[in-house]
Amino acid sequence: MNLTLNIYDASGKEVVKTAKSNTFDLMFGTIVKLMDLLKIENVDNNLEVLKMIYGAWNEIKEVLSTVFPDVSEDDWKHVKVKELIPIIIEIGKFAITEALTIPSDSKN
């Protein structure tokens with residue numbers, strides 16, 4: 001999955017940095033945390049996602065920092081919400097897809 005995150009200047013008009021994440025492996029703990037935070041059944045409703053982001057920003061920022069390790073603490077203040085929500089939704093969907101494709105050994 002290719003994700004691009006734009007970081008803007010203080011005016012919000014000019015991109016000063018672009019962070020990219022081509023592929024990433026989420027640890028199981030990160031997937032669980034993301035699923036708990038996002039209440040995945042509401043992941044297609046942007047208003048619900050925005051409410052969840054607001055309510056759990058520090059935890060979500062921790063997950064986002066795993067995906068975009070080059071984004072600094074200050075950079076997160078300069079990301080547009082309208083660009084961030086689709087990224088969070090994509091990460092949530094990716095986490096679910098990855099969890100569902102984990103092979104299981106039915107021989108016990």
Side-chain angles (χ1 to χ4, degrees):
M1 170 180 3
N2 296 319
L3 297 174
T4 301
L5 181 70
N6 293 318
I7 292 99
Y8 291 84
D9 63 5
S11 71
K13 295 183 181 187
E14 184 178 331
V15 175
V16 295
K17 180 177 176 181
T18 301
K20 294 185 183 239
S21 178
N22 293 330
T23 58
F24 52 90
D25 287 326
L26 294 176
M27 296 297 197
F28 182 71
T30 304
I31 292 172
V32 169
K33 182 184 288 187
L34 187 63
M35 292 173 77
D36 285 345
L37 293 171
L38 292 181
K39 307 294 183 231
I40 296 303
E41 67 273 7
N42 295 324
V43 81
D44 289 326
N45 182 327
N46 285 352
L47 180 58
E48 289 302 316
V49 174
L50 183 57
K51 288 178 189 177
M52 289 180 272
I53 292 169
Y54 178 75
W57 175 242
N58 288 330
E59 292 86 355
I60 290 174
K61 185 171 55 172
E62 184 180 322
V63 172
L64 288 170
S65 293
T66 302
V67 178
F68 296 104
D70 296 335
V71 177
S72 72
E73 181 73 27
D74 189 56
D75 288 341
W76 291 114
K77 299 174 189 172
H78 300 285
V79 174
K80 292 185 177 183
V81 173
K82 70 180 182 179
E83 294 177 10
L84 186 61
I85 289 176
I87 289 173
I88 293 172
I89 290 170
E90 284 303 310
I91 292 170
K93 288 179 180 178
F94 178 79
I96 292 170
T97 302
E98 284 297 297
L100 293 176
T101 60
I102 296 171
S104 63
D105 185 7
S106 61
K107 300 175 189 174
N108 288 344

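Just so it is clear, the model here is predicted, and its values are computed rather than measured.
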Those residues at least two apart in sequence (or on a different chain) that pass side chain to side chain donor-acceptor pair (under 3.5 Å) with T4 are none

Cluster overlap Y8 with V81, hydrophobic side-chain contacts below 4.5 Å = no

Passing option when E90 is tested against N2, V67, L3 for side chain to side chain contact (heavy atoms under 4.5 Å, CB included) | L3

Do V15 and W76 share a hydrophobic cluster (ILVMFWY, side-chain heavy atoms under 4.5 Å, transitive)?
-> no

Is there a donor in the side chain of S11 and an acceptor in the side chain of D9, or the other way round, less than 3.5 Å apart?
-> yes

Do side-chain atoms of K17 reach the backbone of D70 as a donor and acceptor pair under 3.5 angstrom?
-> yes

Carefully, step by step, assess I87 and L5 under the rule side-chain contact (heavy atoms from CB on, under 4.5 Å).
-> CA-CA 8 Å; I87 289 173; L5 181 70; 3.7 Å; yes

Atom NE2 in H78, atom CD in E14: separation rounded to 0.5 Å?
-> 13.0 Å

Can you measure from CD1 (I60) to CG (L64) and round to the nearest 0.5 angstrom?
-> 7.0 Å

Close side-chain approach of D75 to V79, heavy-atom, < 4.5 Å | no

Set of side-chain contact (heavy atoms from CB on, under 4.5 Å) partners for E62, sequence neighbours left out | K33

Supply the atom-to-atom distance N6 CG to K20 NZ, rounded to the nearest 0.5 angstrom.
-> 8.5 Å

